> 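The structure is given below, and queries will be raised subsequently.
For ligands, and for the atoms within them, numbers begin at 1 and follow the listed sequence. Only this structure's heavy atoms are used, side chains among them; waters, hydrogens and symmetry mates stay out. For the single chain, residues carry numbers from 1 onward in sequence order. Since we're looking at a predicted model, the values are computed, not measured.
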Amino acid sequence: MTVPGAPEPADATKWEHMELHDLPIRDDLRGRTPYGAPQIDVPVRLNTNENPYPPSKALVDDLAEEVRREAAGLNRYPDREADALRAELAGHLGHGLGAGQVWAANGSNEVLQQILQAFGGYGRTALGFEPSYSMHPIITTGTSTEWISGAREDDFSLDPAKAAAAVEEHRPDIVFLTSPNNPTGTALPLGTITRVLEAARGMVVVDEAYFEFAREGTPSALSLLPEHPRLIVTRTMSKAFAMAGTRVGYLAAHPAVIEALLLVRLPYHLSTLTQAAARVALRHRAELLGTVDDLRRERDATVSWLRARGLTVADSDANFVLFGRFPERRAVWEGLLARGVLIREVGPPEWLRVSIGTGEEMAAFRAAMEGVL
Ligand SMILES: Cc1ncc(COP(=O)(O)O)c(C=O)c1O
């Protein structure tokens, strides 16, 4: 089998034939499939929950200037601890946090991987409540940690008593809570997070990748940090912050947790240019986060529109909507793609997820849906 998307060697005929299964890879990786949201060049891309609004000219100009300045010193390694960026991220998060309680890496995926490297590993377990973000089990098993799949209710909410019972039963080394959850859009009340924290003996990760899109007044797990030293809250610049191409994710946790992550992170993991781009983005955060209200409105309108068509739609606090149910969801996905609209075939069977785009993109989605339905 060839790896999907892997480019052919320049002259494949001169290479000895070999397939993936011929390699002495780890037994626990055999038969697995890589993460693979399709990257297809179509007019309307609503499949990876990015912010659809590109950066302004002012931001692009600022960034170009900053890159020019930093380029003169690229013979040197970057600031290994990313001190300035972490201080600015802490200021952005508020809650009285300082640089010592914040850590950053190449996307929150790398942050999550470092957490697994430090607190998971062979002979250890991580528990998450599915359907949830597909990379949680992939990163878990990639670090030789055993994945335990917990369940959600039919409406995708999490029953606090059942969640705490699952944690007590399995005693995982790491618990994943995702709020708002991907792909369902479900936000968690703080009470549920607290119940899990009280039941857990290991680390509890609250993945808040979509927090900025949550309804006004939704409290962040950041407020629980002072009383819960084993809590880690992760965030990203890839979603509301509209900087997915920059690859910056971050977390807030007790300084001792950051010390643990320093043991596994690669030296100089966050490039000088990445740190500079993130700091420029933070300077422009009012503009970048200024699109969130529009996206929330568009999301709520999309939910209403889909419901008015008799479809089942999960309540969403994020910048995407999970809807169904289609006995042949592949046919619906393909029908939309044929009309130039790419959404995501993800989540439980019979459901599809659409990321919220610009007003124009959502009009194209609705028109394509009319055609398909
Ligand atoms: C719940 C959740 N966490 C984390 C991520 C990772 O994002 P990034 O690595 O771009 O920060 C995603 C991306 O889709 C996500 O949905």
Side-chain angles (χ1 to χ4, degrees), residues 34-39 45-52 82 85 89 92-93 102-117 126 128-140 142-143 147 152 156 158 174-188 193 204-214 218 220-221 232-252 261 265 269-271 274-275 277-278 281-282 288 295 299 314 316-322 342-347 351 353-357:
Y35 174 86
Q39 287 195 304
R45 286 189 289 169
L46 304 173
N47 76 326
T48 45
N49 301 342
E50 295 138 324
N51 186 321
L85 173 61
L89 286 168
H92 163 65
L93 286 176
V102 170
W103 180 245
N106 294 281
S108 49
N109 280 334
E110 190 182 35
V111 168
L112 295 171
Q113 186 178 49
Q114 292 172 342
I115 294 169
L116 261 303
Q117 286 175 318
F129 298 91
E130 295 184 299
S132 191
Y133 179 43
S134 62
M135 281 306 297
H136 291 160
I138 291 178
I139 296 173
T140 296
T143 55
W147 176 252
R152 287 175 176 265
F156 304 124
L158 207 53
I174 300 166
V175 182
F176 284 104
L177 295 174
T178 312
S179 182
N181 185 46
N182 176 12
T184 64
T186 324
L188 289 177
I193 298 172
V204 175
V205 178
V206 180
D207 183 334
E208 290 192 350
Y210 301 96
F211 180 76
E212 294 89 342
F213 296 108
T218 307
S220 164
I232 303 175
V233 183
T234 62
R235 296 271 184 106
T236 181
M237 297 187 98
S238 300
K239 309 297 180 182
F241 244 100
M243 280 280 134
T246 307
R247 307 302 298 129
V248 176
Y250 53 107
L251 63 74
L261 300 178
R265 66 99 156 87
H269 66 295
L270 208 51
S271 88
T274 303
Q275 294 186 40
L282 280 166
L288 291 168
L295 291 166
R299 167 197 67 202
S316 176
D317 264 285
N319 65 332
F320 50 82
V321 172
L322 190 72
L342 176 63
I343 66 165
R344 189 83 191 275
E345 203 183 2
V346 70
W351 294 79
R353 190 194 71 194
V354 61
S355 308
I356 301 302

> Should Arg247 be listed as contacting ligand 1, given a heavy-atom distance under 4.0 Å as the test?
yes
> Does ligand 1 have any atom sitting under 4.0 Å from a heavy atom of Glu110?
no
> Please determine whether any non-hydrogen atom of Gly249 lies less than 4.0 Å from an atom of ligand 1.
no
> Give a yes or no on this: more than 12 heavy atoms of other residues, nucleotides or ligands lie within 6.0 Å of atom CZ of Arg152.
yes
> For atom 3 (N) of ligand 1, state which one of Thr178, Thr234, Asp207, Thr48 supplies the nearest heavy atom.
Asp207
> Can you report which non-hydrogen protein atom sits closest to atom 13 (C) of ligand 1, along with the distance?
Lys239 NZ, 3.1 Å
> With heavy atoms of Tyr210 as the reference, note each atom of ligand 1 found under 4.0 Å away.
1 (C), 13 (C), 14 (O), 15 (C), 16 (O)
> For the pair Trp351 and Phe156, name the ring-plane relationship: parallel under 30°, tilted 30 to 60°, perpendicular over 60°.
perpendicular
> Pick out which of Val111, Leu93, Leu89 makes a side chain to side chain contact (heavy atoms under 4.5 Å, CB included) with Leu251.
Val111
> Near Ser238, which atoms of ligand 1 are under 4.0 Å from a heavy atom of that residue?
8 (P), 10 (O), 11 (O)
> Would you check whether Asn49 has a nitrogen or oxygen atom less than 3.5 angstrom from a nitrogen or oxygen atom of ligand 1?
no
> Should Asn182 be counted as touching ligand 1, given the test is an N or O pair under 3.5 Å?
yes
> On a heavy-atom basis, I'd like to know which of Ala318, Ala244, Ala209, Ser108 is closest to atom 8 (P) of ligand 1.
Ser108
> Taking the ring centre of each residue, are Phe320 and Tyr210 less than 6.0 Å apart?
yes
> Could you walk me through whether Gln39 and Asn47 pass the side-chain contact (heavy atoms from CB on, under 4.5 Å) test, one step at a time?
CA-CA 9 Å; Gln39 287 195 304; Asn47 76 326; over 6 Å; no
> Are the side chains of Thr184 and Arg353 in touch, meaning some heavy atoms are under 4.5 Å apart?
no
> Tell me if the aromatic rings of His92 and Phe241 count as close, with their centers under 6.0 Å from one another.
yes
